[in-house]
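In what follows, a structure is listed as structure tokens, so that the remarks can point back to it.
The sequence lines fix the lettering, A, B, ..., with proteins before strands; numbering per chain opens at 1.
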Protein chains: 2
Amino acid sequence: MAGKPKLETVAREAGVSIATASQVMRGAGRISEKTRSKVLKAAQKLHYVPDNRAASMRSGQNREIGFVINKISNPFNAEVISGVSDLLEAEGYLVSVLDARDDPERQGRHIDAFIRNGRGGLLWVPAEQTPQEIFELLAAHRIPTVTFLRRPDASSFDHVGIRNAEATAQATTYLADLGHRHIAYLGGEVLTAVRRERIAGYQSVMAARGLGAPVIWDSNDIKQAGMQAMMALRAAHPKTTAVVCNGDIVALGACHGIRRMGLQPGREISVIGFDDIPDAAVATPPLTTMAVSPYQLGRRLARVLLERLSEPEGPASISEVSAELVLRETTGPV
Amino acid sequence: MAGKPKLETVAREAGVSIATASQVMRGAGRISEKTRSKVLKAAQKLHYVPDNRAASMRSGQNREIGFVINKISNPFNAEVISGVSDLLEAEGYLVSVLDARDDPERQGRHIDAFIRNGRGGLLWVPAEQTPQEIFELLAAHRIPTVTFLRRPDASSFDHVGIRNAEATAQATTYLADLGHRHIAYLGGEVLTAVRRERIAGYQSVMAARGLGAPVIWDSNDIKQAGMQAMMALRAAHPKTTAVVCNGDIVALGACHGIRRMGLQPGREISVIGFDDIPDAAVATPPLTTMAVSPYQLGRRLARVLLERLSEPEGPASISEVSAELVLRETTGPV
DNA sequence: TCATGTTGATATAACGTTATACCTCTTGTC
DNA sequence: GACAAGAGGTATAACGTTATATCAACATGA
């Protein structure tokens, strides 16, 4: 009871050497069944818990994975985390989440602490404006790293993401096919890499189909802001009959705004979201959106990391997932 | 470039001893300004990152905090995490989040890993059915621990929570004052400690006011389920004119269900939620709810942990926060 | 001159594991 | 009976830090 039990305590209790006790705890080496059970019993009796700091320091191995995420409050991300940890925990890893809140400085502290603690692998949604230095640091320390959603140009890490341009192009095409000519892009404030891709997809279709001039309308990606932005957008561009949104949350806000103006989403103005968050299906009216299963995306992300861990020197892989247009009730003919 | 730089590398580069380099890095001991800058320059040049495993093992200190949470996807929890990490990061700690998803086994693995890594402090929303053994383990390892929201009877740790019974009593009283007599309690499936308290508060007012027989209606706490449960509840108890809900999400679902039935929340049926999640204010109609600021709650939680860290042997504190009735548009006279 | 501090730097033993090499038995083979 | 092979176990040196004790050099005061 005096101080935490260590391997030495267990070994003495069982009447064996420290080395033997260590091998039993790890299930390594050649140990007879008799001593095995002796040691196990001793460990149990003393409530022994091995110290992973010492172990990972000595062995150079660590089955702890860090997930540095841009925004933990995003329900999409929550699902991704579930997918990631389901797969990794099944392989004996443990996932801890660090919320960078899109702040490069906080992100820097988190990644720094990650390296300090010699964790085994890193999943990472890089903040915009991430300094080059962090990539070099990770590379220099040989940290198995997979970036997620955002892939900075300078990165040489594995990556899992979404085909953003393809998705918004598909959404815009669908609206054009319904007869809409004045289609706006709504949501996002900063020109993040992801948003740039999505806007590019939208613009390419607007140009290719010879539709009205593209309208990009900024909005913070929360519901309230989306509502106000929709009303302002409509006031500035009264001809607008459809909006492609930067995300579901802003899209739901837009629907709210449309109703506030006495109109009906899907009749006077069509709305397409992005992400298919749980709320999208049960909103009134249910939201048409570009869906990509966050849970499956999380599993894919975990799988890529596992491959990297088993093959540290292989070439970097980039895998991108297509989003799928889910038709609900916020879209209709013009 | 051959292998990670360690303190020895830095010391050699700077032409000092390892002990001196260590003191400079920690800002401890008495070091002249000249050698100080020499060492700092060397460390910078080599991109030295200290190994926290070795440091915390030797010093017995660790400024890493783990937050084992019941459900990361709950937006309420996301806000709590922000409050917690804002305060703790300001004090030089680092918070990592582990999602137990209300699964005692997963929770066990997380806490086990937490102890293995000798982290500095634990914030914890214990899963229902948490085995007694885990409490003993944490106590035996002298882990500074603060439980959050759920306080098992056997616990002797610090605790921060919400006055649940008081809150639902207040909500029920408000509805009774509006003239409602048939008030139901909607939401939750398992009889968790929190839900039990909330139901008790509701029941006590129903009895004290001599209102209709209490109706407890189970529902999974997601929107879709709340919608269906509301419709089923109304079918089974047509006289019901008001519902006190287990949480905002189920309350929003209930509002949806009410509209599906061709009625209007706040007119034919009043609804009161719990938590005041961001969506509550911007829903149609905006949701009346029992609010407790999750961000402030997170800060309080962090503060309690800091006190425990600075005073390891002090008596356990239990601090409970009152919820506040926020009137919006889903409640009205009968 | 000698005790007495003070400043700045250092040598060294931990911290709790695991990897490596090594040892002692048994058993089997010719 | 000599030798090889293998099974089961152990001693010991790392891993990269920090705490402690110690030391040299120089200043201070009587």
Check whether any side-chain N or O of A/Arg308 sits under 3.5 Å from a backbone N or O of A/Glu311 as a donor-acceptor pair, and report yes or no. yes
I'd like to know whether CD of B/Gln132 has more than 12 heavy-atom contacts from other residues, nucleotides or ligands below 6.0 angstrom. yes
Determine the contact category for A/Ser32: base if any of its heavy atoms lies under 4.0 Å from a base atom, sugar-phosphate if only primed atoms, P, OP1 or OP2 are that close, otherwise nothing. sugar-phosphate
Give a yes or no on this: more than 12 heavy atoms of other residues, nucleotides or ligands lie within 6.0 Å of atom CZ of A/Arg142. no
Could A/Arg150 and A/Asp102 be called an ion pair, given the rule that one side-chain N must be under 4.0 Å from one carboxylate O? yes
Using only side-chain N and O atoms of A/Thr35, determine if any of them is under 4.0 Å from OP1 or OP2 of D/dG9. yes
I want to confirm an ordering. Mapping A/Arg30 and A/Ala19 to their closest nucleotides on DNA chain C, which one lands closer to the 5' end? A/Ala19
Please pick, from C/dT17, C/dA9, D/dT18, the nucleotide with the shortest atom-to-atom distance to any side-chain atom of B/Ile18. D/dT18
Among the nucleotides D/dC15, C/dT18, C/dT10, whichever has the atom closest to the side chain of B/Lys6 is D/dC15
Distance in angstrom units between B/Asn52 CG and C/dG16 P, rounded: 16 Å
Among C/dT17, C/dA19, D/dG16, which is the nearest nucleotide to the side chain of B/Ala54? D/dG16
Looking at B/Thr20, does any N or O in its side chain come under 4.0 Å of the phosphate oxygens OP1/OP2 on C/dA9? no
Please confirm whether the ring centroid of A/Phe114 lies under 6.0 Å from the ring centroid of A/Trp124. no
With heavy atoms under 4.0 Å as the rule, sort B/Arg26 into base, sugar-phosphate or nothing. sugar-phosphate
With a sphere of 6.0 Å drawn around CD of A/Glu133, does it hold more than 12 non-hydrogen atoms of other residues, nucleotides or ligands? no
Per nearest nucleotide of DNA chain C, the residue lying toward the 5' end, B/Lys34 or B/Arg58, is B/Lys34
Whole angstrom value for the distance that separates C1' of D/dT17 from NZ of B/Lys4: 14 Å
What is the distance, rounded to the nearest whole Å, between atom CZ of A/Arg53 and atom C1' of C/dT18? 16 Å
Please state how far atom CE in A/Met57 lies from atom P in C/dG16, giving the value in whole angstrom units. 12 Å
Can you tell me the distance, in whole Å, between the CD1 atom of A/Ile31 and the C1' atom of D/dG8? 7 Å
Donor-acceptor side-chain pairing of B/Thr130 and B/Gln107 below 3.5 angstrom: yes
To the nearest angstrom, the CD-P distance between B/Glu33 and C/dA9 comes to 10 Å
Within the pair B/Ser59 and D/dT18, is there a side-chain N or O less than 4.0 Å away from OP1 or OP2? no
Mind checking if A/Gln23 touches a base, just sugar-phosphate, or nothing, with heavy atoms under 4.0 Å? base
Distance below 4.0 Å between B/Ser22 side-chain N/O and D/dT18 OP1 or OP2: yes
For the helix from C/dT1-D/dA30 to C/dC30-D/dG1, measure the angle between the helix axis at one end and the axis at the other, each built from five pairs, rounding to 10°. 50°
In whole angstroms, how far is the P atom of C/dT17 from the CG atom of A/Asn62? 15 Å
Indicate, with a heavy-atom threshold strictly under 4.0 Å, whether A/Ser56 touches base, sugar-phosphate, or nothing. nothing
What is the distance, rounded to the nearest whole Å, between atom CG of B/Leu7 and atom P of D/dC15? 14 Å
Stepwise salt bridge (charged side-chain N to carboxylate O under 4.0 Å, His left out) check, B/Asp86 with A/Arg101: CA-CA 11 Å; B/Asp86 274 352; A/Arg101 288 192 255 165; 3.0 Å; yes
